[in-house]
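Accompanying notes for the structure given below.
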Amino acid sequence: MRPIHLLPLGALPPGLTEHLVATLAPRFRVPVVVDPPTEARPDWRDDARAQYRADAILAALVADPPADGGRRIALLPADLFAPGLAFTLGLATLAGCCAVVALARLDPAFHGEPPDAGRFFRRAAIETLHELGHTLGLAHCADPACVMHYSRSIADTDRKTLDFCAACAR
Ligand SMILES: [Zn+2]
Ligand SMILES: [Zn+2]
């Protein structure tokens, strides 16, 4: 497997990318590179919904894939939606180069809970692993503990582990 790129789309909470690198690198045994941050483009945002368009961001990522043939996961410090969905925690090209993860709903503060960087970062690692799994060709998994289980809500994310179940790992 080629390198994994993490692309911050704006300012991220201090320590988050370091946490993701430390989580991903040993699992995939490839270099995990943090790309220079870039700002999310205004035309990616739906102002009426106060959310970004997952398909627009993914299209931009796919148009400019990593030159080293690796994968790139964009990290958006905002909320995201996809057509037909009130929100989505992420979107990826199946067996492709790229994905985007939305961080807003992963923050306990979004749900009116006290700040908790540990929970926030764990959720971000789970959803980043999940989108990476899609880029590797994995579909959603029925096992609620598997990182490839679909998150309908943040409670689903909290039931997931940082691991692929035996079937998905294969
Ligand atoms: Zn998914
Ligand atoms: Zn699974």
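Going from atom CG of L24 over to atom CD1 of I73 covers 8.0 Å, rounded to the nearest 0.5 Å. Here T135 contributes atom OG1 and I4 contributes atom CD1; the two are 7.5 Å apart, rounded to the nearest 0.5 Å. Note: L76 CG to L91 CG = 12.0 Å, rounded to the nearest 0.5 Å. For the atom pair CD1 of I154 and CZ of R123, the computed distance is 4.0 Å after rounding to the nearest 0.5 Å. Rounding to the nearest 0.5 Å gives a distance of 12.0 Å between CE of M148 and CG of D143. Expressed to the nearest 0.5 Å, how far CZ of R159 lies from NE2 of H149 amounts to 7.0 Å.
The shortest heavy-atom contact between A50 and D79 is O-CB, 4.5 Å. Of all non-hydrogen atoms in A74 and L9, the two that sit nearest each other are CB-CD1, 3.8 Å. In plain terms, the two heavy atoms of P8 and L6 that are nearest each other are CD-O, 3.5 Å. When every heavy atom of C97 is checked against every heavy atom of L61, the shortest pair comes out as SG-O, 4.5 Å. Looking at every heavy atom in both residues, A99 comes nearest to E131 through CB-CB, 3.7 Å.
Both V21 and V147 are part of a single hydrophobic cluster, where members link through side-chain heavy atoms under 4.5 Å apart. Hydrophobic clustering, with ILVMFWY side chains joined whenever heavy atoms are under 4.5 angstrom apart, keeps L129 apart from L58. A continuous path of ILVMFWY side-chain contacts below 4.5 Å connects L103 to L20, so both sit in one hydrophobic cluster. Residues V100 and F81 fall into different hydrophobic clusters, defined by Ile, Leu, Val, Met, Phe, Trp and Tyr side chains chained together at heavy-atom separations under 4.5 Å. Transitive grouping of hydrophobic side chains (ILVMFWY, heavy atoms separated by less than 4.5 Å) brings V32 and L12 into a common cluster.
Side-chain heavy-atom separations under 4.5 angstrom define the hydrophobic clusters, and L94 shares its cluster with no other residue. Grouping Ile, Leu, Val, Met, Phe, Trp and Tyr by side-chain contacts under 4.5 Å, direct or through others, puts L85 with Y150.
Checking side-chain atoms of Q51 against main-chain N and O of A86 turns up a donor-acceptor pair under 3.5 Å. Using modelled atom types, no side-chain atom of T128 and backbone atom of A125 make a donor-acceptor pair closer than 3.5 Å.
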What pairs of donor and acceptor atoms, side-chain ones from residues 106-120 against any protein atom, are under 3.5 angstrom apart with sequence neighbours left out?
from: D107; atom 1: OD1; to: A109; atom 2: N; distance (Å): 3.0
from: H111; atom 1: NE2; to: R105; atom 2: O; distance (Å): 2.7
from: E113; atom 1: OE1; to: R119; atom 2: NH1; distance (Å): 3.0
from: D116; atom 1: OD1; to: G118; atom 2: N; distance (Å): 3.2
from: D116; atom 1: OD1; to: R119; atom 2: N; distance (Å): 3.1
from: R119; atom 1: NH2; to: D158; atom 2: OD2; distance (Å): 3.2

Please tabulate, for side-chain N and O atoms in residues 163-170, each donor-acceptor pair with protein atoms closer than 3.5 Å (sequence neighbours left out).
none

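Taking the side chain to side chain donor-acceptor pair (under 3.5 Å) definition, one finds that T157 meets it with E127, S151, sequence neighbours left out. Qualifying side chain to side chain donor-acceptor pair (under 3.5 Å) partners for R27, counting only residues two or more places apart in sequence or in other chains: none. Residues satisfying the side chain to side chain donor-acceptor pair (under 3.5 Å) criterion with H5, sequence neighbours excluded, are D35, D68. With sequence neighbours excluded, no residue forms a side chain to side chain donor-acceptor pair (under 3.5 Å) with D64. Applying the side chain to side chain contact (heavy atoms under 4.5 Å, CB included) criterion to A102, with sequence neighbours excluded, gives L80. Every residue was checked against the side chain to side chain contact (heavy atoms under 4.5 Å, CB included) condition with A139, not counting sequence neighbours, and none meets it.
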Q) Do T38 and L7 pass the side-chain contact (heavy atoms from CB on, under 4.5 Å) test, and can you show the C-alpha distance, the side-chain angles, and the key distance before you say yes or no? A) CA-CA 8 Å; T38 172; L7 172 63; 3.5 Å; yes
Worksheet item: Can you list the steps and then say if H140 with H134 is a side chain to side chain donor-acceptor pair (under 3.5 Å)?
Response: CA-CA 8 Å; H140 286 144; H134 285 317; 3.1 Å; yes
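In this structure, R2 places its CZ atom where only 12 or fewer heavy-atom neighbours from other residues, nucleotides or ligands lie under 6.0 Å away.
Side-chain contact check for L136 versus R71: some heavy-atom pair is nearer than 4.5 Å.
Every pair tested for ring-ring contact (aromatic ring centres under 6.0 Å, His included) that includes a residue from residues 29-80 fails, sequence neighbours excluded, so the list is empty. Within the structure, ring-ring contact (aromatic ring centres under 6.0 Å, His included) pairs that include any residue of residues 12-40 comprise H19-F121 (at least two apart or interchain).
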